[in-house]
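One structure is given here, and the rest of the page talks about it.
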Amino acid sequence: MKKPFRVGMALATALLLGACGGSDVASANDAKLKFDPATYTTVSVTLDGVSTKLRQYRIVYVANPIKMATAQAALGGNSTVTLADPYAYQTMIVSVPEDKVTDQKAALYFLVNNGGWWASPVSTTISDGAKFVSTSDTDNIGAALKAGYVVVNVGTRSRGGARAEDGSWAGKAPAPVVDAKAAIRYLRLNDASMPGSAERIIVTGTSGGGGLTSAVSASGNSADYLPYLAEVGAAGVSGSGVAATSSLKDDVFAAVAYCPINNLGNADAGYEWEYNAVRSDSNTGALGGAAYSVGAQPAASKAIAGTFAAYVNSLGLKLDNGTALTTANLRDVTQALVQQEIERQLAKGTVVPQLGGNFVTSRATLANDWLTWSGTGTSATVTGLDYAKFVRYVASNQALKTVVAFDAVGVTGNPNISGETNLFGTPAQQYTNFTEWSWVNNAVKGDGSGVDDTGLAWAQYLASSTNTLAAQLRLINPLAYLNTAADSAPYWYVRHGMVDRDTAFAMQTLLYYAIKNDPSVKDVSFKLPYLVGHSGNYDVQEAFAWIKAKLDANP
Ligand code: DHB
């Protein structure tokens, strides 16, 4: 749903304050965030064999960037990377083909990284001598350059590696969403002097980046982010805290999200609900020396799975026929999406095995024990699909995440902090558990997380005003903003591979229906691509044809 945007009033106030010589933070931010068209480097790449020159702008997109420490933990946390530029997280690189420099209509292809939900210093593959092929199905940059889009690579703070120079954990949620929004605001502020149109931003990312893409694209213009945007000095934001106001918008035109690891607060419940019945010693790793079946994992999985129904049923999502989407029909709805994809493949002539034949992926060759189909070509239909066996097949193709899949820290004592637990907490805390089961079962005394350290039950802790955990969970969750007064993107392209077990299919079905249920969404293209694993940008021609169609429909 759209809410009227009070840009006029905010602008009038800003002008009035400016005219009266009063101090106005937005003016202060905006004055520091002026785009300079003359400060660029020239990069020469090859596009479809033709030498192509681009102007490249490296821009710190906030007025108060956080100075980061030189040494940062690399993804996974086991090694260190040296940050050459202490502001590389809150920086974007804007690459403009020379012949697009004066084009005020070009779309902005806005790439977030956030891989692993990990802090991402800005980087780009558009460098001197790079080769791009616009007709490739895996070269999204080549396709974007050929289409004449301005390419924007965006760095963002996030979990793990983001330590400020003062030692604080500077990437806590909602930092990546705030940073991406701040970059969007910079583009809006400077729209008239920058190439391309900030009304045509296509946000895109994979996995952690898909999760970030969906959170940003769902929550356009929500005032919830203003206190955080004010802290970093985002364009168009004045004042501070809950009194912060905005004279600029941060909604976007389209989202292109691959395997979005979204809605982290409920991802563990979804994961165990999906996979509990098929977990075994052969598809679930041992923990602390104990094989799956004899350790603590089965009980944890069962308990966590048991919390999912109440959550799903509380969402109030509706199927196309008006029926409520609940855990009673969620498997059937997901199964229908799998079936649709198989039938699309059959229609295209993809060789799909019959029962007893083999599914072949880069990870495993496994017999088909879940799918029957008949007919040929476009009239071929799926005649049987055993969803429980399909799920078992996915877990056989690639071992599942161990229990707890996302909020593992302090529970398993995992020294690598491999779960998303360190996305949450205060800047002084390395991590905080963010789900009830892990909160209750945190076994590390003195880490500040869990009942053991706080003396607070989960609900009490979430409700207490002395922490921001509940807000953090909401601010990174697209489902908290879809179908609300926030201005969600009108166009969504979402893909999650059919053998991707990094998050539950159920989570993607919920995201899909939340998008579908939002009346301000004009089109959503959602698929579970056949035998595709955890990855993105494998269908570049299809994605870019879709992007072009949406842009063409909005000249
Ligand atoms: C990514 C993968 C995960 O399994 C996860 O939990 C978060 C992010 C990723 O590939 O970005």
Side-chain angles (χ1 to χ4, degrees), residues 73-78 89 111-121 123 140 153-162 171-177 180 203-216 255-275 283-285 304 362-363 394-395 397-409 411-412 414 416-424 431 433-435 438 472-473 476-478 494-497 499-508 510-511 529 532-538:
L75 179 59
N78 289 329
Y89 293 108
L111 299 108
V112 294
N113 183 331
N114 203 42
W117 274 95
W118 206 265
S120 312
S123 72
N140 57 324
N153 288 101
V154 186
T156 46
R157 293 168 298 150
S158 195
R159 74 187 185 97
K172 298 296 181 188
V177 188
V203 185
T204 189
T206 297
S207 191
L212 176 53
T213 294
S214 56
V216 169
V256 176
Y258 291 95
C259 49
I261 303 287
N262 74 94
N263 191 353
L264 285 169
N266 300 289
D268 272 310
Y271 204 81
E272 300 314 323
W273 181 85
E274 189 94 77
Y275 288 114
N283 65 28
T284 304
I304 294 167
S362 59
R363 290 181 184 273
V394 172
N397 181 67
Q398 182 182 9
L400 298 170
K401 292 181 173 183
T402 50
V403 188
V404 181
F406 296 91
D407 188 11
V409 182
V411 182
T412 65
N414 187 334
N416 294 334
I417 314 200
S418 64
E420 274 79 352
T421 316
N422 62 348
L423 182 59
F424 301 93
Y431 60 82
N433 292 107
F434 61 93
T435 60
S438 294
Q472 289 180 318
L473 288 165
I476 60 150
N477 181 5
V494 182
R495 296 291 182 269
H496 180 89
V499 295
D500 184 345
R501 67 17 142 196
D502 274 49
T503 197
F505 298 105
M507 298 306 292
Q508 308 300 29
L510 294 181
L511 174 63
V532 166
H534 188 66
S535 57
N537 295 310
Y538 40 75

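Atoms within a ligand are numbered from 1 in the order they appear, just like the ligands themselves. Just so you know, these numbers come straight off a predicted model, no measurement behind them. Quick note: residue numbers are just sequence positions, from 1.
- In this structure, Lys401 and Tyr275 have side chains that are not in contact, with every pair of non-hydrogen atoms separated by 4.5 Å or more.
- Taking OG1 from Thr156 and CH2 from Trp117, the interatomic distance works out to 9.0 Å, rounded to the nearest 0.5 Å.
- When only modelled atom types and interatomic distance are considered, Arg363 and Asn397 share no side-chain donor-acceptor pair under 3.5 Å.
- Scored by the ring-ring contact (aromatic ring centres under 6.0 Å, His included) test, Phe505 finds Phe390, His496 as partners (sequence neighbours excluded).
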Are any protein N/O atoms closer than 3.5 Å to the N/O atoms of ligand 1? If there are, list each pair with names and the distance to one decimal place.
unit_1	atom_1	unit_2	atom_2	d
ligand 1	4 (O)	Lys401	NZ	2.6
ligand 1	4 (O)	Asp502	OD2	2.6
ligand 1	6 (O)	Lys401	NZ	2.8
ligand 1	6 (O)	Glu420	OE2	2.6
ligand 1	10 (O)	Ser207	OG	2.7
ligand 1	10 (O)	His534	NE2	3.0
ligand 1	11 (O)	Gly116	N	2.5
ligand 1	11 (O)	Ser207	OG	2.7
ligand 1	11 (O)	Gly208	N	3.0

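- Within the 4.5 Å cutoff, side-chain heavy atoms of Thr213 are placed close to those of Val112.
- A donor-acceptor pair shorter than 3.5 Å can be found between the side chains of Ser158 and Asn114.
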